[in-house]
Number of protein chains: 2
Amino acid sequence: MRIGELAEQAGTTTRTLRHYESLGLLPARRSGNGYRTYDEDDLRLLQQIRTLQDFGFGLEETRPFVDCLRAGHPAGDACPASLEVYRRKLAELDEVIERLRRVREEVGLQLARAEMELAADLPGGPPPRCAFSPPDPERAFSPPDTEQETSTP
Amino acid sequence: MRIGELAEQAGTTTRTLRHYESLGLLPARRSGNGYRTYDEDDLRLLQQIRTLQDFGFGLEETRPFVDCLRAGHPAGDACPASLEVYRRKLAELDEVIERLRRVREEVGLQLARAEMELAADLPGGPPPRCAFSPPDPERAFSPPDTEQETSTP
DNA sequence: GCTGGCTTTGACGTCGACGTCAAGGTCTAC
DNA sequence: GTAGACCTTGACGTCGACGTCAAAGCCAGC
């Protein structure tokens with residue numbers, strides 16, 4: 001099977017396959033005319049890579065899985081090195097998710113507060129009495145001026 | 001206040017401030033010698049940008065907030081455009097978090113399965129009888145060969 | 001006047017996973 | 001024998017938010 005067919009079968013592009021090969025991730029045999037040649041094993045390697053990519057794994061993180069398959073194991077995660085990647089990724093995911101959860105909460109709070117302050121300012125007075133300190137005029141921004149400083153005159 | 005001092009006050013770098021200026025996000029006045037000059041308002045603008053950055057906002061997404069402050073409002077989110085950005089970011093966060101949650105679950109399942117299969121293979125037979133189809137020898141990978149294809153002979 | 005610390009602009013580098021274009025070789029079908 | 005569909009390598013572009021380096025200007029203190 002040539003590069004175009006493999007790309008199509010895996011739902012990717014030839015450029016991607018050449019990129020993988022340049023990283024040594026998916027080396028190809030060559031037929032007489034110099035064309036890259038792949039077989040079903042390569043398709044499985046590629047599918048392993050793509051699956052992990054969909055999970056957000058970096059290409060380097062897929063390497064242990066690919067090596068594992070190439071070593072003759074029936075699955076890419078049948079090797080300890082792959083399991084380690086799984087575990088690190090899980091920890092990473094937990095961290096990221098927790099961070100995003102906190103950000104989401106904070107942004108939600110900010111939105112709610114800003115919406116209420118806006119609603120209180122627009123109609124001509126705060127209709128639903130809330131425990132907000134109204135915008136302090138002292139802290140208001142001065143509009144941009146054209147003042148030309150001449151350093152220390 | 002010059003660029004170095006502002007950077008220090010905001011806990012960032014001069015390069016960052018010049019970058020913001022190149023985007024028109026934080027323009028600076030100039031003193032007689034050509035040095036950039038900032039005031040307390042600029043510091044607040046910068047703090048607004050940095051806060052949103054910490055939340056994962058892109059620089060372009062901070063622009064409505066900065067414009068809002070520069071328009072004289074007491075807060076960067078006192079304008080409808082800023083609220084829109086909040087809302088879009090919230091929706092985006094929800095999507096991302098949900099996607100990551102699903103990935104986390106899937107990776108966790110894969111890890112558990114792979115760990116059990118590995119444990120079942122190593123000690124010399126599956127000790128705790130589980131409902132797994134054992135690795136199929138037929139689907140095992142053939143080790144890399146050095147076969148030289150000569151295309152279609 | 002000179003050293004050292006600030007500043008200026010300009011421009012290229014980084015990271016990741018490719019996209020895109022160019023110039024050319026190979027093969028099949030008509 | 002030639003169009004068209006495939007393939008090759010090489011190299012630059014993309015996106016974002018800066019980092020890093022170079023060459024030079026400005027200023028305070030000694």
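Just so it is clear: chains get the letters A, B, ... in the order the sequence lines come, proteins before strands, and each one is counted from 1.
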Stepwise side-chain contact (heavy atoms from CB on, under 4.5 Å) check, A:E115 with B:R87: CA-CA 11 Å; A:E115 272 177 336; B:R87 293 195 193 95; 2.8 Å; yes
Would you please confirm or rule out a distance under 4.0 Å between OP1 or OP2 of [N] and any side-chain N or O of [X]?
{"X": "B:N33", "N": "D:dC27", "result": "yes"}
{"X": "B:R50", "N": "D:dC18", "result": "yes"}
{"X": "B:R2", "N": "D:dC27", "result": "no"}
{"X": "A:Y20", "N": "C:dC18", "result": "yes"}
{"X": "B:R36", "N": "C:dT9", "result": "yes"}

Cation over ring face, A:K89 and A:F55, 6.0 Å, 45°: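 Cation-pi check for A:K89 and A:F55: fails.
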A:Y86 ring center within less than 6.0 Å of A:F65 ring center: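 Yes, they do, as the ring centres are separated by less than 6.0 Å.
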N/O donor-acceptor pair, side chain A:R18 with base D:dT9, under 3.5 angstrom: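 Counting by modelled atom types and ignoring angles, no donor-acceptor contact under 3.5 Å is found here.
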Round to the nearest Å and state the distance from [X] atom [atom1] to [N] atom [atom2].
{"X": "A:M1", "N": "D:dC7", "atom1": "CE", "atom2": "C1'", "value": "16 Å"}
{"X": "A:E5", "N": "D:dC6", "atom1": "CD", "atom2": "P", "value": "11 Å"}
{"X": "A:L46", "N": "C:dC18", "atom1": "CG", "atom2": "C1'", "value": "14 Å"}
{"X": "A:E8", "N": "D:dA5", "atom1": "CD", "atom2": "C1'", "value": "13 Å"}
{"X": "B:H19", "N": "D:dA17", "atom1": "NE2", "atom2": "C1'", "value": "5 Å"}
{"X": "A:R15", "N": "D:dA11", "atom1": "CZ", "atom2": "C1'", "value": "10 Å"}
{"X": "A:L23", "N": "C:dG16", "atom1": "CG", "atom2": "C1'", "value": "10 Å"}
{"X": "A:L17", "N": "C:dA17", "atom1": "CG", "atom2": "P", "value": "15 Å"}

Spatial distance of atom OG1 (B:T16) from atom CD (B:E21) [nearest 0.5 Å]: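 Answer rounded to 0.5 Å: 13.0 Å.
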Residues touching DNA chain C, which here means a heavy atom under 4.0 Å, drawn from residues 53-68 of chain A: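 Only A:Q53, A:G58, A:L59 qualify.
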Polar side-chain atom of B:T37 near backbone of B:R30 as donor-acceptor pair, under 3.5 Å: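 Checked: no pair found.
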Residue closer to the 5' end of DNA chain C, B:T14 versus A:T13 (nearest nucleotide):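 First, find each residue's nearest nucleotide; the 5'-ward one identifies B:T14.
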Over 12 foreign heavy atoms within 6.0 Å of CD, B:E8: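 No.
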Listed nucleotide nearest any side-chain atom of B:Y35, set C:dT8, C:dC18, D:dT8: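 Of C:dT8, C:dC18, D:dT8, C:dT8 is nearest to the side chain of B:Y35.
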Stepwise side-chain contact (heavy atoms from CB on, under 4.5 Å) test for B:H73 and B:L69: CA-CA 5 Å; B:H73 293 277; B:L69 279 174; 5.7 Å; no
